[in-house]
There are 2 protein chains.
Amino acid sequence: MFSKACEYGIRSCIYIANQSLNSKRPSIKEIAKEVGSPEPFTAKILQKLVKNNIIESIKGPSGGFFINVENIHSIILRDIVFAIDGPGIYKNCGLGMKECSEVKPCPIHNQFKIIKNGLKEMLDTTNLHQLTLGLENGMTFLKTENCDL
Amino acid sequence: MFSKACEYGIRSCIYIANQSLNSKRPSIKEIAKEVGSPEPFTAKILQKLVKNNIIESIKGPSGGFFINVENIHSIILRDIVFAIDGPGIYKNCGLGMKECSEVKPCPIHNQFKIIKNGLKEMLDTTNLHQLTLGLENGMTFLKTENCDL
DNA sequence: TTTATTAGATGATATATATCATGTTAAATA
DNA sequence: TATTTAACATGATATATATCATCTAATAAA
Ligand code: FES
Ligand code: FES
């Protein structure tokens, strides 16, 4: 579905958003740890997100990554996915033809369109703030820890 | 969504099914051409499908690939996807955690579940026969040709 | 204003996926 | 039975994706 980079990117954004709401500014090291992603890879992904104005960063001691509270409400999943994976998930054909097209549809086009519309709907209407809610009260998780004691 | 191998596999199956309904037995060369897939790669994929009893084959002159008419109705998309990509699409977490789980859900789990259920539904209820119908009357296509004259 | 700290930039390496090439085996037919 | 045809098996190569390593630049605090 999403690339690994995109998965890590979304998870990182959710973590950063949640920390930002608590007036904190996590470092790459902390983010990678809490999200369960490889640190150098995560660094690269976060840079891209900064370039795309999804998240912001400050260098130096006590630096780190953050998201403006207003933006936490306006940033939707699509923004993150597009920044990392591009619009392929919106435009690709389910059977890998050049593009998904109504005039030259593949055999599964009609069935697949329904799925894809659902996916679009979800990416378009889910914002970062919603995704942080479950984290606070321990209903949702950002990594599968190896030890559950 | 699906791997390239799986996309080619599905397209090949649809083509073979359609030809089988017309009592024909296409060769790898023909299938690859009609489906727009690289021939040697397609060969490998078809072998896998034979091993998994999705399609059948006959060697030698006038040999080729075919599917029993009864099977054309009973083979569903899931069979093909599982044979090539495995059950990941049913079990993976949308954010790449070890597995999709109700007891340790990721932040997008609830929204994603809806999408995934739709996808499951589609893979479980769509059989090869349905997918051949549009081919016959030119409503659907298996490849994007470069020249549309 | 020096030093420690942390992000940024860039390129190298590894791994997975996709693609290609070669030789082998089964079956039809001349 | 010899010959041709086409699938089968296996391994090599290429490409994309994921991961790591190194150095640079900015900034906060000593
Ligand atoms: S053309 Fe294949 S999904 Fe639309
Ligand atoms: S746990 Fe992530 S989709 Fe179910």
Side-chain angles (χ1 to χ4, degrees), chain A residues 1-13 15-16 19-20 24-33 35-67 81 83-86 88-89 92 95-96, chain B residues 1-13 15-16 19-20 24-67 81 84-86 88-89 92 95-96:
Chain A
M1 182 74 66
F2 305 126
S3 69
K4 228 89 195 59
C6 193
E7 292 172 351
Y8 293 148
I10 295 174
R11 277 150 69 183
S12 298
C13 281
Y15 181 74
I16 296 170
Q19 292 302 98
S20 294
K24 289 182 183 167
R25 202 161 53 196
S27 69
I28 280 183
K29 192 187 299 257
E30 177 185 340
I31 296 168
K33 188 186 167 199
V35 155
S37 60
E39 196 179 313
F41 191 26
T42 308
K44 222 170 214 180
I45 297 164
L46 293 186
Q47 286 174 213
K48 199 169 204 174
L49 291 172
V50 170
K51 283 234 181 76
N52 281 269
N53 303 309
I54 313 272
I55 63 180
E56 299 177 65
S57 69
I58 289 185
K59 285 183 184 176
S62 80
F65 296 88
F66 64 100
I67 307 177
V81 173
I84 300 176
D85 279 350
I89 203 165
N92 291 159
L95 291 187
Chain B
M1 182 75 67
F2 305 126
S3 71
K4 227 89 196 58
C6 192
E7 292 173 351
Y8 293 148
I10 296 173
R11 277 150 69 182
S12 297
C13 282
Y15 181 73
I16 296 170
Q19 292 302 98
S20 294
K24 290 184 184 166
R25 203 160 54 195
S27 68
I28 280 183
K29 192 187 298 258
E30 177 185 338
I31 297 168
K33 189 186 165 198
E34 293 301 319
V35 154
S37 60
E39 197 180 313
F41 190 26
T42 308
K44 222 170 214 178
I45 298 163
L46 293 186
Q47 285 174 212
K48 199 169 204 173
L49 291 172
V50 170
K51 283 235 181 73
N52 282 269
N53 303 309
I54 313 272
I55 63 180
E56 299 178 66
S57 69
I58 290 185
K59 287 184 185 174
S62 80
F65 296 88
F66 64 100
I67 308 177
V81 173
I84 301 177
D85 280 349
I89 203 164
N92 291 159
L95 291 187

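A, B, ... follow the sequence lines: proteins, then strands. Residue 1 opens every chain.
Nearest heavy atoms, B/R25 versus B/F66: CD-CD2, 3.7 Å. Taking every heavy atom of both residues into account, B/I89 and B/N92 meet most closely at N-OD1, 4.3 Å. Residues A/Y8 and A/V35 approach most closely at O-CG1, 4.5 Å, considering heavy atoms.
Applying the side chain to side chain contact (heavy atoms under 4.5 Å, CB included) criterion to A/S3, with sequence neighbours excluded, gives A/A5, A/C6, A/I84, A/D85. In this view, A/K24 satisfies the salt bridge (charged side-chain N to carboxylate O under 4.0 Å, His left out) rule with no residue, not counting sequence neighbours.
Contacts with DNA chain C (heavy atom under 4.0 Å) in residues 39-56 of chain B: B/P40, B/F41, B/K44, listed by number.
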Can you name the atoms? Protein N/O to nucleotides 24-30 of chain C N/O, anything below 3.5 Å, with the distance.
residue: C/dA26; atom: O4'; partner: B/K59; partner atom: NZ; Å: 3.2

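Heavy-atom neighbours of A/K33 NZ from other residues, nucleotides or ligands within 6.0 Å: at or below the threshold of 12.
Reading DNA chain D from its 5' end, the first and the last nucleotide to sit under 4.0 Å from a heavy atom of chain A are D/dA18 to D/dA28.
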> So A/Y15 and A/E30, side chain to side chain contact (heavy atoms under 4.5 Å, CB included) or not? Walk me through it.
Replying inline: CA-CA 10 Å; A/Y15 181 74; A/E30 177 185 340; 2.5 Å; yes
Residues 38-58 of chain B side chain polar contacts: donor-acceptor under 3.5 Å, at least two apart:
residue: B/T42; atom: OG1; partner: B/S37; partner atom: OG; Å: 2.7
residue: B/T42; atom: OG1; partner: B/P38; partner atom: O; Å: 2.6
residue: B/N52; atom: ND2; partner: B/K48; partner atom: O; Å: 2.8
residue: B/E56; atom: OE2; partner: B/N68; partner atom: ND2; Å: 2.9

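If you take CD on B/E34 and CZ on B/R11, they are separated by 12.0 Å, rounding to the nearest 0.5 Å. Between the CD atom of B/Q19 and the CD1 atom of B/I67 there is a distance of 11.0 Å, given to the nearest 0.5 Å.
In terms of position along DNA chain D, the nucleotide closest to A/K4 lies nearer the 5' end than the nucleotide closest to the other residue of the pair A/K4 and A/G63.
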